[in-house]
Q: 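Supplied in structure tokens, the structure appears directly below.
Just follow the structure's listing: the first ligand is 1, and inside any ligand the first atom is 1.
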Amino acid sequence: MKFLLIDGGHIIDSSQGIDEIGSLLISEGKISWLGRGEVTPPQPDYDVLHAQGLIVCPGFVDLHCHLRQPGFEERETIATGTRAAARGGFTTICCMPNTNPPLDNQTVVDYVKSIVATEGVVRVLPIGCISKGGKGQKLVPMDELASAGVIGYSDDGKPAANSRLMRQALDYGRDLGLPIIDHCEDTSLTECGQMNEGTISTKLGLRGIPAAAEEIIVARDLALAELTKGWLHIAHVSTEGSVDLIRRAKEKGIKVTAEVTPHHLTLTEEKVIGYNTNAKVNPPLRTKRDIQALIQGLKENVIDIIATDHAPHTEADKLCEFALAPSGITGFETALGSLMSLVHDGKLSLVTLIARLTYQPSKIIGNKYGKPGTLDIGTPADITIFNPDLEWIVDTKAFASKGKNTPLAGSRLKGKVMATIAQGKLVYKDDSVRVEAKVLDKMNYG
Ligand SMILES: [Zn+2]
């Protein structure tokens, strides 16, 4: 494998406290050198990627996405989903188990891993179900799934509705050292719910989903985490009240981590006006006030990470009456561009944003499956290179994802991924990025 020198970029790596202009050398798939000075690769021919004016950081790590395979290949496959991830700068992604069949036993997990090995372009780490078939009745064989390599358990798409089951899962999860990831929703309050409950839902005549539907289950789960001393991870936090509950739980020492999506951080319920089914998502887009609380939570580390909840659907799925449309937003390819608006508006620092996309989620996953989220010397080279200031229009036709379902279609975003390197391989490159082959005078290598 040829050496690759990433030259002259602005390197930001929270895991090592690096924030400086420098260069980085990749050899045999690993990061072999990083620093400010000149470096001569130890072999005469190598490639140079010119990164002047670009940010160079660890590859993004996504703890929550839906790759739809097996069972829903018309929406996404591991091949298309991992390519979409690469275009979005993600080099490690964790896929949710609500496929068909669901990831509730070792055979299905092994099957997914075998497709990833042949068709995936970035690292994929599976999440197992909490309950058999994701039906909320009987616990999965959690230790079997742990040895198959799941990084946590979730019945995402639905909450773990049964408190006794949730308690058991947290108990076993504690012994296995793995998180129970809950989609917090009291479904008795959200039946037929279409969007955030408020004046806009009333005006549009759509059944509302109150913030309390989320907060009730967040509160229950925190109580169970306290009882069991298990590890609770709260998926896609969307309300101010949830942020307050998690903040208090962390102050009490309860073992809880939490994530927020790019869409919940940047878009409000107003996106639904006009009955835009591509803005239908669960939990729903909320209010400006919720967004403020989510950003504050992210800054204070009450919310640990950003996760996309990439949820592709077909155009036919979404081309229907609002009430009949499925929930979900395709997320990989717009994540950075939409999140950069928080940096450009002065609401979040670039260093914090990158930490919440790299180092922080890697701490949740641990180092069992590679060492994501760092540019540490000797680790497999997972690197994202982006232009923080480049403006572009979201053209869903250019997406690698089969899912074109985003309320950002046609919007102008500022900040774009220019190249992605996963385990030493250049898996995505924007046409404007220059990679130059160099051959040094062989005399120097006598
Ligand atoms: Zn969910």
Side-chain angles (χ1 to χ4, degrees), residues 62-68 71-72 75-76 81 93-100 102-104 125-131 133-136 150-162 165-166 169 179-191 193-196 209-218 220-221 232-239 242-243 246 256-265 267 278-286 290 294 303-313 317-318 325-332 335 361 364 403 405-407:
D62 189 9
L63 208 73
H64 188 153
C65 74
H66 298 269
L67 294 178
R68 306 301 195 197
F72 305 102
R75 296 180 189 165
E76 193 79 291
I93 59 177
C94 304
C95 60
M96 280 295 174
N98 58 339
T99 48
N100 186 23
L103 304 184
D104 65 356
L125 302 174
I127 293 166
C129 295
I130 295 173
S131 64
K135 292 197 169 79
V150 303
I151 57 102
Y153 305 87
S154 183
D155 277 351
D156 185 55
K158 282 180 283 181
N162 183 312
L165 192 85
M166 188 64 185
I180 308 302
I181 304 169
D182 203 14
H183 163 123
C184 294
E185 175 183 350
D186 182 334
T187 50
S188 68
L189 284 172
T190 60
E191 215 177 324
Q194 301 297 323
M195 67 172 296
N196 184 47
I209 297 173
E214 176 172 310
E215 292 152 9
I216 286 166
I217 302 299
V218 170
R220 179 204 69 171
D221 285 356
L232 170 68
H233 178 83
I234 298 173
H236 43 51
V237 174
S238 77
T239 77
S242 296
V243 178
I246 299 163
V256 56
T257 49
E259 71 189 33
V260 59
T261 70
H263 48 270
H264 288 113
L265 282 169
L267 305 175
N278 286 331
K280 183 172 175 180
V281 62
N282 188 11
L285 300 176
R286 304 283 188 183
D290 292 304
L294 293 167
I303 297 177
D304 304 72
I305 64 166
I306 298 169
T308 66
D309 194 7
H310 173 77
H313 286 284
D317 285 341
K318 287 279 195 179
S327 295
I329 292 176
T330 192
F332 285 143
I364 293 179
N405 48 306
T406 171

Q: On a heavy-atom basis, which atom in Leu63 and which in Cys94 lie closest, and how many Å separate them?
A: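 Scanning both residues, the minimum pair turns out to be O-CB, 3.6 Å.
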
Q: Which residues pass the ring-ring contact (aromatic ring centres under 6.0 Å, His included) test with His313, not counting sequence neighbours?
A: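 Applying ring-ring contact (aromatic ring centres under 6.0 Å, His included) to His313 gives none.
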
Q: Name all residues meeting the ring-ring contact (aromatic ring centres under 6.0 Å, His included) criterion together with Phe332; count only those two or more places apart in sequence or in a different chain, and write none if there are none.
A: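 Partners of Phe332 by the ring-ring contact (aromatic ring centres under 6.0 Å, His included) criterion, ordered by chain and then number, come out as Phe90, His310.
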
Q: How many protein atoms of type N/O/S are positioned less than 2.8 Å from the Zn ion (ligand 1)?
A: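 For the Zn ion (ligand 1), protein nitrogen, oxygen or sulfur atoms under 2.8 Å: 3.
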
Q: Using the salt bridge (charged side-chain N to carboxylate O under 4.0 Å, His left out) rule, collect all pairs that involve residues 180-191, keeping only residues at least two apart or in two chains.
A: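 Only Asp182-Arg220 qualify under salt bridge (charged side-chain N to carboxylate O under 4.0 Å, His left out).
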
Q: Is there a side-chain contact between Pro159 and Thr187, using heavy atoms and a 4.5 Å cut-off?
A: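 Yes, side chains in contact.
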
Q: Could you give me the CA-CA distance, side-chain angles and deciding distance for Ile181 and Met96, then say whether side chain to side chain contact (heavy atoms under 4.5 Å, CB included) is met?
A: CA-CA 10 Å; Ile181 304 169; Met96 280 295 174; 4.1 Å; yes

